[in-house]
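Note that the coordinates shown come from a computational prediction; the quantities given were computed from them, not determined experimentally. Numbers for residues simply follow the sequence, beginning at 1.
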Amino acid sequence: MARSVLTLSDGHAGNANQAGALAAALSDTVEPLVLAPRAPWRWLAPRGVLGAGHALGAAFAARLHAPWPDLVI
């Protein structure tokens, strides 16, 4: 059974490569998603900040809907 794997990273090579390598070892179906916080959230911790649900951008918000991946790294 093929598993779908979603990798979340900040896009920096070390983080993206590690998540991608682990996902590739587990599945042939890998979907990378780079988290790109927008201002002012990239300057602040996301806890308790008004509007933090929109902090990680449209790509992240769009991926929060079905179909769900089998695994998220």
Enquirer: Search all heavy atoms of Ala24 against all heavy atoms of Val30 and return the closest pair with its distance.
Expert: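 Looks like N-CG2, 4.0 Å.
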Enquirer: Check Pro69 against Ser4 and note the closest heavy-atom contact, atom names and distance.
Expert: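 Heavy atoms only, the tightest pair is CA-OG, 3.2 Å.
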Enquirer: Within a strict 4.5 Å, meaning less than it, do heavy atoms of the Asp70 and Val5 side chains meet?
Expert: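 Sidechains of Val5 and Asp70: no contact.
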Enquirer: Evaluate the side chain to side chain contact (heavy atoms under 4.5 Å, CB included) criterion for residues Leu71 and Leu26: first the C-alpha distance (whole Å), next the side-chain angles of each, then the deciding distance (0.1 Å), finally the verdict.
Expert: CA-CA 9 Å; Leu71 178 65; Leu26 297 172; 3.6 Å; yes
Enquirer: Group every Ile, Leu, Val, Met, Phe, Trp and Tyr by side-chain heavy-atom contacts under 4.5 Å, then state whether Leu35 and Leu6 land in the same group.
Expert: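 Same hydrophobic cluster.
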Enquirer: Run through Leu8, Thr7, Ile73 and flag the one making a side chain to side chain contact (heavy atoms under 4.5 Å, CB included) with Pro32.
Expert: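 Among Leu8, Thr7, Ile73, the one meeting side chain to side chain contact (heavy atoms under 4.5 Å, CB included) with Pro32 is Thr7.
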